[in-house]
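Worksheet: one structure, shown below.
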Amino acid sequence: MNRRPLSQYAKGAALAAQFILMGWLAVQQSSLAWLGALLLALPIPGLLRERIYTYQWASMLVAFYSALWLAEGYARPDQRLEAFGIAAVAAIDFVSLVMYVRWRQRERPAPKAESDAVSG
């Protein structure tokens, strides 16, 4: 029975949350929201190619978005539920990106020591 590695589940969750954030920002009426959606689209090619470095810097980008929406929720009480919901999606995206990197590192085979390669 072939089991999928845990990193593939984290990858799927990260990509889903990334697209939810981009979609939500894209339906907003301001040009600043469109810029935010475009910034979130930058790491998509690297995420699809499973580049660890892209997952690392994308997690920092998403952490900024999460903090931004938490601040928005506290600044505008009338939009608190919406802002906190988006902040929660951004937090899920952040955790998924970080967990992908951690699990991917664990799934890699350990390099063999030179003493094992040389039999003398």
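Both backbone and side-chain heavy atoms feed into the values below; hydrogens, waters and symmetry mates do not.
Separation of atoms CZ (F64) and CH2 (W69) is listed at 11.0 Å; rounding is to 0.5 Å. Rounded to the nearest 0.5 angstrom, S96 OG and K11 NZ are separated by 13.0 Å. With rounding to the nearest 0.5 angstrom, the CD1 atom of I92 is 10.0 Å from the OG atom of S66.
Listed by first then second residue, pairs satisfying side chain to side chain donor-acceptor pair (under 3.5 Å) with a partner in residues 52-64 number zero, not counting sequence neighbours. Residue pairs meeting the salt bridge (Lys or Arg N to Asp or Glu O under 4.0 Å) criterion with at least one member in residues 81-107, sequence neighbours excluded, are E50-R104.
The aromatic ring centroids of F84 and Y74 lie less than 6.0 Å from each other.
Every residue meeting the salt bridge (charged side-chain N to carboxylate O under 4.0 Å, His left out) condition with R76, not counting sequence neighbours, appears here in chain and number order: E72.
Each of L97 and L68 belongs to its own hydrophobic cluster when Ile, Leu, Val, Met, Phe, Trp and Tyr are linked at side-chain heavy-atom distances under 4.5 angstrom. With hydrophobic clusters built from ILVMFWY side chains whose heavy atoms lie under 4.5 angstrom apart, L38 does not share a cluster with I86. Put simply, M60 and L47 are part of the same group of oily side chains (I, L, V, M, F, W, Y) that touch within less than 4.5 Å, one to the next.
Closest approach of P45 and A41 over heavy atoms only: CD-O, 3.8 Å.
Partner of Y65 under the side-chain contact (heavy atoms from CB on, under 4.5 Å) criterion, chosen from V89, L40, L70: L40.
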